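Down below is the structure, laid out as structure tokens.
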Amino acid sequence: MTHPLARLAFAGVLAVLGFLLPRLLGGSSLVYDTLVAIAIFSAMSYGLDVILSDLGEISLVHTAFFATGAYAAAILTVTYGFSAWTALAGAVLAALALALVLGVITLRTREFAFSLVTYAAAVVCMNVASNWDFLGGSDGIVGIPPLDLSIGGIELTAGRSAEFWPFAYLLLLLTLYVVHRFRRSRLGQAALMVHMNPRLATMCGLDGNRIRLQVFLLSAVISAAAGWLYAFQRAYVGTDLFDTYFLVLMLTGVILAGRRILLGPLLGTALLLSQKSFASLGAYGDKLVLGVVLVGVLCLCPKGLASLWPRRRAAAVTDAPANTNPANTNKARFPSPVWERGQG
Amino acid sequence: MNVAQQLVNGIVIGHAYALVAVGWTLLLGAARLVNFGHGQMYMIGAFVAWWVMAATGLPYWLAVVAAVLLGAALGAVMQRLFLRLTLSQDLVNLMIVTLGFGQALEGAAGLAFGPKPQTLASPFQEMSVHLGPVWFTVQDAILVGATILVFALLYLALHRSWLGAAVRMVAEDPRLTALGGFKVSRIYMGIFAFEGAAVAFAAALVAPRTPILTSMGFDQVVMTFVVVVLGGIGSVLGSYVAGLGIGLFTALFGALVSPAYTTAAVFALLIAAMVLRPGQLAASGSFAR
């Protein structure tokens, strides 16, 4: 699997198998519904994954980016009658604008403060969405038309879940590709350096704030694109998009498998949503399960389930710089002296 | 608009915010833990009090005691779960884990108490006091009195007692506290139990004002988040002042400008404060001021 061509072929086979997965699982409408939801929500989670794994911050505002994409799609198609393509452009632009404002605001905050400010921002967004009539107020916006992405003579429409699957799957593949390319790009490497060793990054001539802002913008676009598709799938947007449930789903999806594993958020989201679809315990039971899974993972194996798999860990150490963070390993091995506490 | 009445409303709401926030303030100051499950703990406290009254017919004040005891137990459970993360000061993971804890509580409460809205019936909610142009209920007066009492006791305990000194020491440096021969995990146990008991007490006093729902956790305490952070990390007096200030702000903003955008306005204030003065968050010196 080391040869690039072999790797490409493996990825290709995996992609084709993934596409055929609903049929392999019987092709019932429940299977299609579940897989479409998995594709959309894991695409949404990748937005957060980029921030969490590569920038090392926890953003609690990504539900707002997801909602921005969905609201932009709803307003542009329902209120103004634009096409789905225009709506996509609008969703991306709206998310970029919101992310730019938030990014500039949060630029100087780190870790703890960053999470608190992003949480506060999410509350403001939710409050505005539920009161501003332009955004549908507390009723939301209903009657979003079926997805229609036809170009020229090629008809590309989707009404039911089975027809929706190719689009959701394509969005997922595209997201995976973007995240994969990002991690190998100059920006991705720079982001990691800013995260792991800010002083070294500064000495290499990197502008930490600028890189953080760029990554923030990228992650907002990823989540917003997922929100855009979700609006068409559900034909309705409302303030429930800001629900903590989505936030917890995203965070659990990213953390469940482990950070900086390309397929991690997909697997995590798939596990959570499969439970919800095929082994549901009712709305309250599912909430309980989601909460218990998140608490369990973080309290028992904070590095994710993949860290329980010894072979995988050995591979991850050579592959991913995330696990060789000198600060973390040092902390784990030698307790830092008392006088250094508080500086870290 | 009756300005005097709005001021009275603001004072009552402000004390409610402060009382709901007090446990969280101590938790944040001593363990650096932003407890996003706080709202769900509030909800559990209210529902336990309601259930005790509905199922056993015990009087209101006994229901308050029961809620406080169960709240303390819930806090102890949290300490058992989060001890490792707390000791390693993994602040961000701690924050996420409390989000999950809140979800789990909400799911469990939904299974146990059902989806219907309920009313926690306090006998004092029906009695009202009229003083010239203003009026308030006896429940409001009890709430204000209890809040002042709790804050005064906590302040004295932190500054005048051996136990308070231990808590302040843990807040300053857990390792050094352990070197000093203290059992850090026991002190944390006390802090977490106080958080649980305090929020349940607040819920039992505040919840009779409105119907209760198992899904109310987030909305009911979203202002508390502002109180805790704006008051200065872990500052007891600070959170009292912040609670009162935000109570007055929401009452006046709601009456004068727009009731719908009150939350957004308060949170915008918070964001501005945090971005303009980020150092305030990192400082540990403000604890127990």
Side-chain angles (χ1 to χ4, degrees), chain A residues 52 56-58 60 105-117 119-128 130-132 137 243-245 247-248 251-252 255 281-300 302 331-332 335-338 341-342 344, chain B residues 32 34 36-37 39-40 81-85 88-112 114-115 172-176 179 214 217-218 222 225-226 229 258 260-268 270-272 274-275 278 281-282 284:
Chain A
L52 204 145
E57 303 281 11
I58 302 223
L60 301 177
I105 289 177
T106 56
L107 213 50
R108 283 170 55 218
T109 57
R110 293 286 181 274
E111 288 198 331
F112 193 51
F114 179 83
S115 300
L116 292 181
V117 174
Y119 178 73
V123 174
V124 172
C125 290
M126 180 179 175
N127 193 234
V128 169
S130 58
N131 288 302
W132 194 10
D243 201 290
T244 324
Y245 174 80
L247 183 62
V248 177
L251 286 168
T252 316
I255 289 166
L281 303 168
Y284 293 123
D286 292 344
K287 258 186 191 170
L288 184 62
V289 169
L290 184 60
V292 168
V293 168
L294 181 55
V295 174
V297 169
L298 277 176
C299 290
L300 298 176
K331 247 181 229 159
S336 69
V338 169
R341 224 196 122 261
Chain B
R32 294 282 181 279
V34 179
F36 282 119
Q40 280 82 11
L81 284 173
F82 303 165
L83 184 63
R84 213 171 75 181
L85 288 173
S88 64
Q89 284 292 290
D90 194 344
L91 301 183
V92 175
N93 274 345
L94 266 176
M95 210 182 294
I96 310 179
V97 95
T98 60
L99 268 172
F101 187 69
Q103 282 282 308
L105 283 184
E106 195 173 319
L111 289 177
E172 220 47 62
D173 196 323
R175 275 172 221 261
L176 201 59
L179 286 178
T214 54
F218 174 79
V222 69
F225 176 79
V226 186
V229 178
S258 150
Y261 286 102
T262 314
T263 313
V266 174
F267 271 75
L270 173 74
I271 294 174
M274 288 179 74
V275 172
L281 282 167
S284 60

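Each chain gets a letter, A, B and so on, in the order its sequence line appears, and its residues count up from 1. Please read all numbers here as calculations on a predicted model, not as lab measurements.
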Measure across [X] and [Y] and return the closest heavy-atom pair with its distance rounded to 0.1 Å.
X         : Y         : result
Ile271(B) : Ala120(A) : CG1-CB, 3.7 Å
Cys299(A) : Val97(B)  : SG-CG2, 4.0 Å
Lys287(A) : Gly107(B) : CB-CA, 3.9 Å

Options Ile58(A), Leu288(A), Ile255(A), Ile105(A), ranked by heavy-atom pairs under 4.5 Å with chain B, top entry: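 Looking at each of Ile58(A), Leu288(A), Ile255(A), Ile105(A) in turn, Leu288(A) comes out on top.
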Selection from Leu247(A), Thr106(A), Val248(A), Leu60(A) maximising heavy-atom pairs under 4.5 Å formed with chain B: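 Top count of heavy-atom pairs under 4.5 Å with chain B: Val248(A).
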Can you tell which part of [X] gets under 4.5 Å to a heavy atom of chain B, answering side chain, backbone, both or neither?
X         : answer
Val292(A) : both
Tyr245(A) : both
Leu251(A) : side chain
Ala121(A) : both
Leu298(A) : both
Leu300(A) : backbone

Can you tell if the side chain of [X] reaches within under 4.5 Å of the side chain of [Y], non-hydrogen atoms only?
X         : Y         : answer
Phe225(B) : Val123(A) : no
Val128(A) : Tyr261(B) : yes
Tyr284(A) : Thr214(B) : yes

Toward chain A, the part of Leu270(B) with a non-hydrogen atom under 4.5 Å: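 Side chain only.
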Leu99(B), part contacting chain A, at a heavy-atom distance under 4.5 Å: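 Both backbone and side chain.
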Spatial distance of atom OG1 (Thr252(A)) from atom CD1 (Ile96(B)) [nearest 0.5 Å]: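 It comes to 8.5 Å.
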